[in-house]
Protein chains: 2
Amino acid sequence: MQCGKQTTILEHPVYIRSCASVAGEKESEGPLGDYFDVAVKDPMFGMNNWEEAESRLQEMTIDKLMIKADVNAADIRYIFAGDLLGQLIATTYGLKKYDIPLFGLYGACSTMGEAVSLGALCVDSGAAERVIALASSHFASAEKQFRYPLEYGNQRPESSTWTATGCGAVLLDRKEGSMKVRGFTTGKIVDYGVKDSMNMGACMAPAAADLIAANLKDIGEKPDYYDMIITGDLGYVGQKILFDLLKERGYKISDRHMDCGIEIFAGSEEDTKAGGSGCGCSAITLCTLVEERIRSGKWNRVLFVPTGALQSTVSYNEGRSIPGIAHGIILERGIMHK
Amino acid sequence: MQCGKQTTILEHPVYIRSCASVAGEKESEGPLGDYFDVAVKDPMFGMNNWEEAESRLQEMTIDKLMIKADVNAADIRYIFAGDLLGQLIATTYGLKKYDIPLFGLYGACSTMGEAVSLGALCVDSGAAERVIALASSHFASAEKQFRYPLEYGNQRPESSTWTATGCGAVLLDRKEGSMKVRGFTTGKIVDYGVKDSMNMGACMAPAAADLIAANLKDIGEKPDYYDMIITGDLGYVGQKILFDLLKERGYKISDRHMDCGIEIFAGSEEDTKAGGSGCGCSAITLCTLVEERIRSGKWNRVLFVPTGALQSTVSYNEGRSIPGIAHGIILERGIMHK
């Protein structure tokens, strides 16, 4: 059902029946460490290069998800998935073996929001009983893709974020699950002209503010409609900008805002500076902390808003700005049959 | 409605109400030249670099589509779009100004199939009245991305294809239109281990064969159910492999097969070798030749199968194979109210 300009409310209940998350060593030493299904010490994940490592990360996550949900590949109709690498090669090689029809998505670090939106719509419409939505990132493959070779040992400004090594996957299903996808708000490209790829929070905060305001306007509610409004990876710098931008629009969310990028590395800011990032960051936070808080009844309804910075090394070197995009998901407490 | 393992038949009629295509000079000198809405002589499209040129190409196409369909940006609920460049930068900067919620897609040269599939599902489900599906490619931005700088003047083997400079966009609508999207068959990643990026036809043909066979199996029909089976950009080399692979599965389609990559540059093979490619190639052929044949009643039902080769320069340089993917759309003759 269309609700306002950007929001779709699903006709039928679509549940997140199962979640799986695999993370790297640094992530597992952070506050979410106890939640991950698998934590892997070896940053190469036993493979030969960073891209293969990220593919292996995806594979481990899907394998874990299928075990947890007691399904096999033949039970899954579609996968909606993406990563940060050019031409989605982590996804291509990571998902190849499953022989499941694939919709490849690119929304930068907002990809998990895009994947859950389209996956839930697909289940809602009856085009599938069951689909997987997935997003991954890897610190080293992302640094190689977007910034400097690790061997270069470049200095990182305080505004920079640390790409999380992690993959989160959810099984969307008609049946039951700890979380219910109630609807989604789809983001526009928002460009405030920021050109600093070492300050992704500033690039993405305007898109996050735009999305949150659009969601509240579309559904005709105030921020307290949600127990928590959760952005993807704005970090400390982006969070401040988000609050300022929303204040201009008359919304105060600071008493109910959480940022996955802040949560994931809280306490280790010496290395990770402004926080975590990467599309794996919000994906693994969804599959751990967010799921636990909703399942336990601490939160009954949240707005989950992964945020992405749209750039490539080519566009950066050509001096283009870095626009942002955000995709919002309305999550509610689900049902668990026994 | 789920139909077999990979096919979805839409519940309601979803029409392609309007099509727009913008192409480059070489494309406009080929057999489809008369059909394009706009042909542009300047390969830079008046911009400063190849990526900006491709963004401008997308912009011109959307502008044209809106004029032809007599709609404006506020009438469009979502855009489903993608291109071949890393992190979809042609799409990011091309679609920024429209302020329309965006789902960014990557399916290599199969992207138009993916975009129409998801766009039509979205309209079918009632989540939108009207969406745009779009894909673009540009010869020079693609060569720069995947192969050699143009200035290098590299030699091209006979199996190589020529990335088409073009953008095709369709307006998907509940109302009416010359073509009806009846359903779609979603592709899997198919890897026959081919590693030659100068022979994309061989990389993609197995995925095309797999998709066509899956579609026919799912709907329980023989190839003559379709007036034409149209692949994206297999070219002459890939077409031969497709016929062989389908023959092994008991299907003969040579009397009703067309490949957009062959059509678009027919007669100019000295330059373009095995044919055209790029996600713009099938997109602009859909919006011209295919639309005209269906509107005129020459064809009543076709299977349109854009095909993609999943690789990046990183994966290529790491010696990985180039898997393929294909996304199929069942198109039927629509209705045009007067």
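All chains are named by letter (A, B, ...) in the order of the sequence lines, taking the proteins before the strands, and each is independently numbered beginning at 1.
A/Thr8 and B/Tyr78 form a side-chain donor-acceptor contact under 3.5 Å, judged by distance and modelled atom types alone.
Residues A/Ser312 and B/Gln145 fail the side-chain proximity criterion, which asks for heavy atoms closer than 4.5 Å. The closest side-chain heavy-atom distance from A/Leu118 to B/Phe80 is below 4.5 Å. Side-chain contact between A/Leu105 and B/Tyr106: absent, with no pair of heavy atoms (C-beta onward) separated by less than 4.5 Å.
Contacts with chain B were tallied for A/Asn49, A/Val190, A/Thr111; A/Asn49 has the most, counting heavy-atom pairs under 4.5 Å. Ranked by non-hydrogen atom pairs under 4.5 Å with chain A, the options B/Ala74, B/Gly86, B/Ala128, B/Ala127 are led by B/Ala127. Interface summary for chain A: among B/Thr313, B/Asp210, B/Thr7, B/Leu211, the most heavy-atom pairs under 4.5 angstrom belong to B/Thr7. Options A/Ser321, A/Ser110, A/Ala108 differ in how many heavy-atom pairs under 4.5 Å they form with chain B, and the most are formed by A/Ser321. The candidate with the highest count of non-hydrogen atom pairs below 4.5 Å against chain B, out of A/Ile325, A/Val314, A/Ile79, A/Thr185, is A/Val314. Ranked by heavy-atom pairs under 4.5 Å with chain A, the first of B/Ala214, B/Gly126, B/Gly187, B/Ser125 is B/Gly187.
Using a 4.5 Å cut-off between heavy atoms, B/Glu129 contacts chain A through both its backbone and its side chain. Within the 4.5 angstrom heavy-atom criterion, atoms from both the backbone and the side chain of A/Cys122 approach chain B. Residue A/Lys144 touches chain B through its side chain alone, counting heavy-atom pairs closer than 4.5 Å. Interface residue A/Asp99: backbone and side-chain heavy atoms are both found under 4.5 Å from chain B. With a 4.5 Å cut-off on non-hydrogen atoms, A/Glu318 touches chain B through its side chain but not through its backbone. Neither the backbone nor the side chain of A/Leu10 has a heavy atom closer than 4.5 Å to any heavy atom of chain B.
Between B/Arg320 and A/Glu51 there is no salt bridge, since no side-chain nitrogen of the basic residue lies less than 4.0 Å from a carboxylate oxygen of the acidic one.
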Test A/Glu52 against B/Ser315 for side-chain contact (heavy atoms from CB on, under 4.5 Å), laying out the working first. CA-CA 9 Å; A/Glu52 285 182 19; B/Ser315 70; over 6 Å; no
Could you walk me through whether B/Leu102 and A/Ile189 satisfy the side-chain contact (heavy atoms from CB on, under 4.5 Å) test, starting with their C-alpha distance in whole Å, then the side-chain angles of each, then the deciding distance to 0.1 Å, before giving a yes or no? CA-CA 7 Å; B/Leu102 168 72; A/Ile189 301 166; 3.7 Å; yes
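When all heavy atoms of B/Tyr93 and A/Leu310 are compared, the closest pair comes out as OH-O, 3.8 Å. Of all heavy-atom pairs between A/Leu84 and B/Gln87, the closest is O-NE2, 2.8 Å. Of all the heavy atoms in A/Ile100 and B/Lys188, the pair that sits closest is C-CG, 3.9 Å. The nearest pair of heavy atoms linking A/Gln6 to B/Arg77 is C-NH2, 4.0 Å. Heavy-atom minimum distance, B/Gly104 versus A/Glu114: O-OE2, 2.7 Å.
Rounding to the nearest 0.5 Å gives a distance of 11.5 Å between CD1 of A/Ile322 and CD1 of B/Ile89.
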